[in-house]
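The next block holds one structure in the form of structure tokens; read it before the comments.
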Amino acid sequence: MQQTTNKEQAKSLESVCEQENNKNPVKNSESASGTNMPVISPQSLGSADFRNDYCIKYAYLAGGMYRGIASKELVIALANAGFLGFLGTGGRSLKDIEQDIIHIQNTLCEGQAYGMNLVANLDSPELELATVELYLKYGIRCIEAAAFIRLTPALVLYRLQGIFKDPQGKVKTKNKIIAKLSRPEVADHFLSPAPLHIVQQLFALGKISPEQVELSQLIFMCDDICVEADSGGHTDRGLPSVLLPAIQSLRDQKIKKYDFAHKPRVGLGGGIGTPTSAAAAFMMGADFILTGSINQCTVEAGTSDLVKSMLQDINVQDTDYAPAGDMFESGAKVQVLKKGVFFAARANKLFQLYQQYDSLDSLPDKIQTQLQDKYFNLSFDEVWEQTKQYLLESNRLQDVERAEQDSKFKMARVFRWYFATSMKQAFAGTQQSRVNFQVHTGPALGAFNQWVKGTELEQWQNRYVAQIAEKLMQDTATLLSIKTQQLLALNQATA
């Protein structure tokens, strides 16, 4: 029975190699028996069309990480090495994003690949729209759409502003969207044309033309999909072996249904930190891979040196789940660093208290003291004053008014302050606040740390994002070559 399984695996791998050999030059090595064995190259992994469309050398992306952890320096370093990275824009001001865009565009040459992250903003859809308008102003041609649960006017506007017909009459768009998602129902939205009610709304506002309205129903809302398995930061804890095939199947159904000129590719992110995990993704048919956590512990990452030093020593078990500060009331989760900090435990405690009590005043005296003295290092009144000031500066007077009328809502806003502050402290590298650091990361970084242990990459000061990308893809190709040769040899021996 095992021999039959191995034969089937060998035939499958041989078929993959033949297909890739037809698309890309692949070296061959001669085995001890004199038989030529295929050697898989990094260029042969994933979709050749994907690489060509984004002008990159490998089917490899680096995702945009919150508050500029995926920094302008990180994006530029990747672009200079032939890779595509996304600037982390979530939680940042439009002014800061604009300055980074200008710096990137002034530094890179025409044709070098880069993109911007766009995070869904449930609290402030007008800010999401303003971010897209900023991207359109500077001619940003590629975005990574993250954390969306439905299509929004901002996304549709970005997609349709670049729509046109080529000389052959095919409908295309200059503005590419890679949708990063973990739910088939969300993928369904992106693998469909833009919702007509949103298209008509944008037309009524004068933001799109009659031609763009007409062409809107002739393309998918995304160019490609990145299936996000259990990852650092916001996560649905999805399993890649379950999610990827499900969304690949959905993609195939949608292609058959609409028969549009462009066929979206489906890649995989979340949990990719070693050649073994990358190889598994490609063997499952991923058209590309996307890394995240492993890039936040590099020289170019936009976080503090203290956080990087903490991250370089973690293992795969050193992360935990906590409530997401930006979606606190809903109970949505983020994956965070657990080793050496109390954030996850304290954040989960705050959510438990929010569910159990209706106001700050109803909390037991002992709990009130604990929160103010150990968690916040401020009184509830002082936290609320800071929160109130932030909301007013953000033109959210309605939230202030609601908090003054609704004690449970006010409690949620005060608790949210802890999440915002714990992240700021981590970015600043404030040593005395270390136990409260909120650091989004996943076990992929722990696996990466074990992989490079004992090498020059063990210390984060020697980790450069483009070097990591190159090494991961090269070693993934080598691993697949070895496994392919082993299975083909076994197939020949048992034939």
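All values derive from a computational prediction rather than experimental measurement.
With no hydrogens or angles considered, a side-chain donor-acceptor pair links Glu382 and Ser379 at under 3.5 Å. Between the side chains of Asn436 and Ser422, no donor-acceptor pair is found at a separation under 3.5 Å. Remark: the Gln161 side chain and the Asn175 side chain contain no N/O donor-acceptor pair separated by less than 3.5 Å. Checking Gln312 against Glu458 by side-chain atom types alone, no donor-acceptor pair falls below 3.5 Å. Remark: the Thr298 side chain and the Trp460 side chain contain no N/O donor-acceptor pair separated by less than 3.5 Å. Residues Thr441 and Gln335 have side chains that never bring a donor and an acceptor to within less than 3.5 angstrom of each other. No hydrogens or angles considered: a donor-acceptor pair under 3.5 Å links the side chains of Asn295 and Thr291. Donor-acceptor pairing under 3.5 Å is recorded for the side chains of Asn117 and Glu144. Counted by atom type alone, Tyr58 and Glu470 present one or more donor-acceptor pairs between their side chains at under 3.5 Å. When only modelled atom types and interatomic distance are considered, Gln432 and Thr430 share no side-chain donor-acceptor pair under 3.5 Å. In the model, Asp236 has a side-chain atom that pairs as donor or acceptor with a side-chain atom of Ser182 under 3.5 Å. Under the 3.5 Å distance criterion, with hydrogens and angles disregarded, no donor-acceptor pair is assigned to the side chains of Thr478 and Ser481. At a cut-off of 3.5 Å, with distance as the only test, a side-chain donor of Lys254 or Ser192 sits close to an acceptor on the other residue. Using modelled atom types and a 3.5 Å distance limit, the side chains of Gln389 and Glu385 yield no donor-acceptor pair.
Ion pairing between a basic and an acidic side chain is recognised when a charged N comes within 4.0 Å of a carboxylate O; Asp223 and Arg159 show such pairing. Salt bridge status for Asp188 with Arg150: absent, with no side-chain N to carboxylate O gap under 4.0 Å. The pair Lys176-Asp224 does not meet the salt-bridge criterion, since no charged nitrogen lies less than 4.0 angstrom from a carboxylate oxygen. Of the charged side-chain nitrogens involved, at least one lies within less than 4.0 Å of a carboxylate oxygen, so that Glu329 and Arg416 count as a salt-bridged pair. Between Arg92 and Asp100, at least one side-chain N (NZ, or NE/NH1/NH2) sits under 4.0 Å from a carboxylate O, which counts as a salt bridge. Salt bridge status for Glu300 with Lys72: absent, with no side-chain N to carboxylate O gap under 4.0 Å. Using a 4.0 Å cut-off between charged nitrogen and carboxylate oxygen, Lys207 and Glu133 count as a salt-bridge pair.
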Go through the steps for Glu128 and Thr152 under the test side-chain contact (heavy atoms from CB on, under 4.5 Å), then give the verdict.
CA-CA 9 Å; Glu128 183 186 306; Thr152 65; 2.4 Å; yes
Are Ile225 and Leu191 close enough, and set up right, to give a side-chain contact (heavy atoms from CB on, under 4.5 Å), and what steps lead you there?
CA-CA 9 Å; Ile225 285 177; Leu191 291 169; 3.7 Å; yes
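Across Met310 and Lys339, no two heavy atoms sit closer than the pair CE-O, 4.5 Å. Leu84 and Cys142 make their closest contact through CD2-SG, 4.4 Å (heavy atoms, listed as atom of the first residue, atom of the second, distance). Across His234 and Val334, no two heavy atoms sit closer than the pair N-CG1, 3.6 Å. The two residues Ala426 and Thr303 come nearest to each other via the heavy atoms O-OG1, 4.1 Å.
For the atom pair CD (Glu98) and OG1 (Thr131), the distance works out to 11.0 Å, reported to the nearest 0.5 Å.
Counting only residues at least two apart or on different chains, the ring-ring contact (aromatic ring centres under 6.0 Å, His included) pairs with a member in residues 316-335 are Phe328-Phe351, Phe328-Tyr354, Phe328-Phe419. For residues 97-153, there are no ring-ring contact (aromatic ring centres under 6.0 Å, His included) pairs, not counting sequence neighbours. Sorted by first and then second residue, the ring-ring contact (aromatic ring centres under 6.0 Å, His included) pairs with a member in residues 272-307 read Phe50-Phe288; sequence neighbours excluded.
Taking the six-membered ring where the residue is Trp, the centroids of Phe437 and Phe343 are separated by 6.0 Å or more.
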